[in-house]
Amino acid sequence: MSRQTLTATPTAAGPGPGPAAPRMLTGDRPTGRLHLGHYVGSLANRVRLHKQYESFFIVADLHMLTTKNSGQDIAAVHRNATGMVLDSLAVGLDPAHSVFFLQSAVPEVAEINLLLSSLVTVPRLERIPSLKEMARDAGKQEMPFALLGYPVLQAADILAVKATAVPVGRDNAAHVEVAREIARRFNRRYRPVFPVPALIHGDVPSLPGTDGQAKMSKSLGNAIYLADPPQEVRRKVMRMYTDPARTGPGVPGTVEGNPVFAYHAAFNDRPAEVADLAERYRAGKVGDAEVKEKLADAINRFLAPIQERRAAFAADEGLVADLIVTGTERTRREVQRTVADMRDAMGLTAAFTEFQRHARRPHAPDVAPHAPDVAPDAPDVSDRCEVDQHRT
Ligand code: TRP
C-alpha cells in the first residue's frame, strides 16, 4: 500500500450535504493498546462494516479527560493514538477507506457539545449506569461534571459528522441512545439537520477477562493485547481463571461461562478441536493444561498475521501521522459545515447579523458572523472576506 493512494483518497471522496453515502463514526479514547476484548466487542465489527460506509474513526482525547486529565495522561496521547491506529490497521481497517481524526484538533466539536447540552437533562444522564461505573473505576468519589456530560460529547462527535451508523460495544450503547434522542429533539425543535444515527451492536457477547471477571480491561490487568508476543500470550493463558470447582483432570468440568472456552469459541479456528475439548472437559477426560495449551496456540495463530501487518505498517514511518493529519483536516471541514447548519437552524446567527447591519463602523453585511477560522482579532473587512471563502 503506497503513500500516494493514502493522500489521494481522503480528499477524493468529496463533501456534498444531503442524503449522501451512509456514514459511520466510531472510535476509542487514547488510553492504551487495544486488546482481544476490543477486537471481539468492536474492532471485528468495524473491519466488517467500514467499506460499506464513509468511515470516520475518532481518537477521543477530550473524552479521555473526563477521567484522566493529568499532564502525564495528556502527554501520552500521541503515543497511545499512534498505537491504536496501528492496531486498527493491523486488524484490517483499510487506510484508504478510513478517516482517522484527533478530537481535540477539531475544536468545533466542543461548540456542538455546548449547543446540544441544552437538549438533555441531568436526571436523564444520571440514569446511565456506565457513567457511574466509569467514575468508580477511575476512583472518583463524586461524579465529575464532564463525565456526566460524556454521552453529550459523544453525541456531539456523532452528530458533528452527521453519522448515520455508530458501531459500538455494550458499554457505549446507552450513549448512542442519548445521541439519537438529542438528534430527534434538535430536528423537532429547530429544523431537520441530523440523521438519527443507528446503533450497530457487535454480534458476539463481550469477552470476559483472563481472571474470569465479566470484562477484559486494561485497568483490571486481565487483558491479552493484540501486540502481546507469543510467550506473553501463553503465560497469560496458562494462568487463566477456569472452572473453580474442577480440582483435577478427572473431575467433570463446566464449559458454559468458563472463560477458557469463551476464548476458544471466539478465537480458535478449529471448531472440531474445540468440540472435542469441550466434550472431554465435561466428561472429566482432559486436563486444564491441555485445554489452555491449545487455546494459547489458537490465539497465537490468530494474532500472528495481525502482528505481521502491524510491523509492516509501523515500518512505514510517517504513515500514521499522515493519516491523522489528513483525516483531521477533512473532518474539521465537515464539522465546520455542521456548526454553521446548526447555528442557522437555531437562528443563532440572526442577532449578531442584525447588530452588524446596524453597526456604525465599516462592515461587510454579506459576511456571516462566526465564520470558521476567524481570527479573534481579525482587524478589517478584507480579512473577513478571505475567511468567508472557507465556508463554501
Ligand atoms: N465512548 C467511546 C469509548 O468508550 C469513544 C467515543 C468517543 C466514541 N466518541 C465516540 C465511540 C463516538 C463512538 C462514537 O472509548
Side-chain angles (χ1 to χ4, degrees), residues 22-35 37-43 45-46 49-50 53-69 73 76-77 80-81 83-85 87-88 93 98-106 108-110 112-113 116 125 128-135 137-138 144 146-183 194-202 206 215-219 223 327-328 331 334-335 338:
R23 185 174 280 183
M24 144 177 149
L25 171 73
T26 186
D28 308 273
R29 284 158 290 166
T31 50
R33 288 290 188 79
L34 299 179
H35 53 59
H38 291 121
Y39 183 84
V40 166
S42 48
L43 296 176
N45 219 15
R46 291 178 194 178
L49 294 168
H50 78 295
Y53 293 86
E54 208 180 349
S55 294
F56 288 73
F57 298 99
I58 185 170
V59 177
D61 56 344
L62 298 178
H63 275 103
M64 179 192 81
L65 299 181
T66 64
T67 55
K68 302 180 85 186
N69 59 358
D73 295 328
V77 166
N80 286 335
M84 274 170 39
V85 172
D87 285 339
S88 301
L93 287 188
S98 308
V99 179
F100 294 96
F101 72 99
L102 184 62
Q103 188 182 31
S104 64
V106 184
E108 291 80 5
V109 164
I112 296 178
N113 179 53
L116 298 181
L125 297 170
I128 298 173
S130 57
L131 299 179
K132 284 177 212 140
E133 278 164 34
M134 284 165 77
D137 292 351
L147 185 53
L148 188 66
Y150 187 109
V152 183
L153 181 57
Q154 190 161 344
D157 301 332
I158 295 167
L159 303 183
V161 298
K162 300 189 179 176
T164 58
V166 185
V168 288
R170 279 190 188 173
D171 296 0
N172 273 273
H175 307 170
V176 178
E177 191 45 54
V178 171
R180 290 163 55 79
E181 287 173 22
I182 289 178
F194 299 115
V196 178
L199 166 66
I200 304 186
H201 288 284
S206 71
K215 206 175 110 179
M216 182 177 279
S217 116
K218 182 186 162 194
S219 53
T328 301
T331 305
E334 299 278 348
V335 176
T338 303

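Both counts, for ligands and for their atoms, begin at 1 and track the order of listing. Predicted, not measured: the structure shown is a model, and the values here were computed from it.
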Rounded to the nearest 0.5 Å, what's the gap from CE on Met24 to CD1 on Ile158? Could you check?
-> 12.0 Å
Apply ring-ring contact (aromatic ring centres under 6.0 Å, His included) to Phe100 and list each qualifying residue two or more places apart in sequence or on a separate chain.
->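 Partners of Phe100 by the ring-ring contact (aromatic ring centres under 6.0 Å, His included) criterion, ordered by chain and then number, come out as Phe57.
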Does Arg29 have any salt bridge (charged side-chain N to carboxylate O under 4.0 Å, His left out) partners at least two apart in sequence or in another chain, and if so, which?
-> none
Taking the side chain as every heavy atom from C-beta outward, state whether Val176 and Ile200 have any atom pair closer than 4.5 Å.
->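 They are not in side-chain contact.
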Flag the pair Thr26 / Asn172 as yes when at least one side-chain heavy-atom distance between them is below 4.5 Å, and no otherwise.
->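 A side-chain contact under 4.5 Å is absent here.
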Within the 4.0 Å heavy-atom sphere of ligand 1, strictly under, residues =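 Within the 4.0 Å shell of ligand 1, which is judged on heavy atoms, sit Leu25, Thr26, Gly27, Asp28, Arg29, Ile58, Ala60, His63, Tyr150, Gln154, Asp157, Ile158, Val166, Val168, Asn172.
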Could you tell me which residues satisfy side-chain hydrogen bond (donor to acceptor under 3.5 Å, both in side chains) with Lys215, sequence neighbours excluded, listed by chain and number?
->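 If we apply the side-chain hydrogen bond (donor to acceptor under 3.5 Å, both in side chains) test to Lys215, skipping adjacent residues, the hits are Asp171.
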